[in-house]
Amino acid sequence: MGQNHCRVGEWCALPAHLLTNGVPWQAVVSLCQVIFMLTRAPRVAWEAIYLPLCETITYFLAFTGNGYLRMADGQIFPWARMASWLVTCPVMLGQ
């Protein structure tokens with residue numbers, strides 16, 4: 001096992017491939033939900049397709065490491081998660 005690169009008491013983001021054995025399971029499950037909902041269109045509302053599609057994109061970005069920015073002070077900013085909240089919360093609140 002490799003050394004832990006985090007100090008006690010600080011938040012540390014591990015690479016997603018270490019946590020999921022190389023498979024972005026959350027993204028795969030969300031994509032299956034999107035595909036299932038697409039087969040039910042137009043009987044389902046567009047929100048039932050849009051929301052899991054946004055989450056699929058967010059999970060894939062996080063899994064590939066492109067969903068995070070390291071700030072100048074060393075902290076990690078999850079920009080993809082914030083963008084996902086920005087585009088999904090108004091839709092959920094409007095339902």
Side-chain angles (χ1 to χ4, degrees):
M1 206 67 169
Q3 288 183 331
N4 187 355
H5 61 282
C6 300
R7 290 185 219 128
V8 175
E10 74 177 10
W11 181 79
C12 185
L14 292 175
H17 66 278
L18 295 178
L19 300 174
T20 61
N21 296 324
V23 180
W25 291 112
Q26 300 95 335
V28 171
V29 170
S30 293
L31 185 59
C32 289
Q33 183 180 2
V34 170
I35 293 169
F36 176 77
M37 290 299 179
L38 282 172
T39 64
R40 302 294 183 246
R43 293 178 296 199
V44 297
W46 65 272
E47 294 93 341
I49 299 167
Y50 174 77
L51 295 172
L53 180 62
C54 290
E55 291 307 311
T56 300
I57 294 167
T58 302
Y59 288 137
F60 271 118
L61 284 171
F63 179 78
T64 60
N66 295 318
Y68 302 99
L69 293 175
R70 184 170 299 276
M71 306 306 287
D73 62 358
Q75 291 190 352
I76 295 175
F77 177 68
W79 74 266
R81 187 180 308 161
M82 300 297 173
S84 176
W85 291 340
L86 186 66
V87 299
T88 58
C89 286
V91 173
M92 290 186 286
L93 292 172
Q95 289 184 357

Quick one, [X] and [Y] - any side-chain contact, counting heavy atoms below 4.5 Å?
X	Y	result
Arg70	Phe77	no
Leu51	Trp46	no
Val28	Tyr59	no
Ile57	Phe60	no

For the pair [X] (side chain) and [Y] (backbone), establish whether a donor and an acceptor sit closer than 3.5 Å, ignoring hydrogens and angles.
X	Y	value
Trp79	Asn66	yes
Thr88	Ser84	yes
Arg40	Val44	no
Ser30	Glu55	no

Would [X] and [Y] show up in the same hydrophobic cluster when neighbours are defined by side-chain heavy atoms closer than 4.5 Å?
X	Y	answer
Leu38	Leu31	no
Leu61	Trp85	yes
Met82	Ile76	no

**Rounded distance [0.5 Å steps], CD1 in Ile49 versus CD in Gln33** = 10.5 Å
**Prompt:** What's the spacing between Arg81 CZ and Leu86 CG if we round to 0.5 Å?
**Reply:** 15.0 Å
**Asked** CE of Met92: more than 12 outside heavy atoms within 6.0 angstrom?
**Response** yes
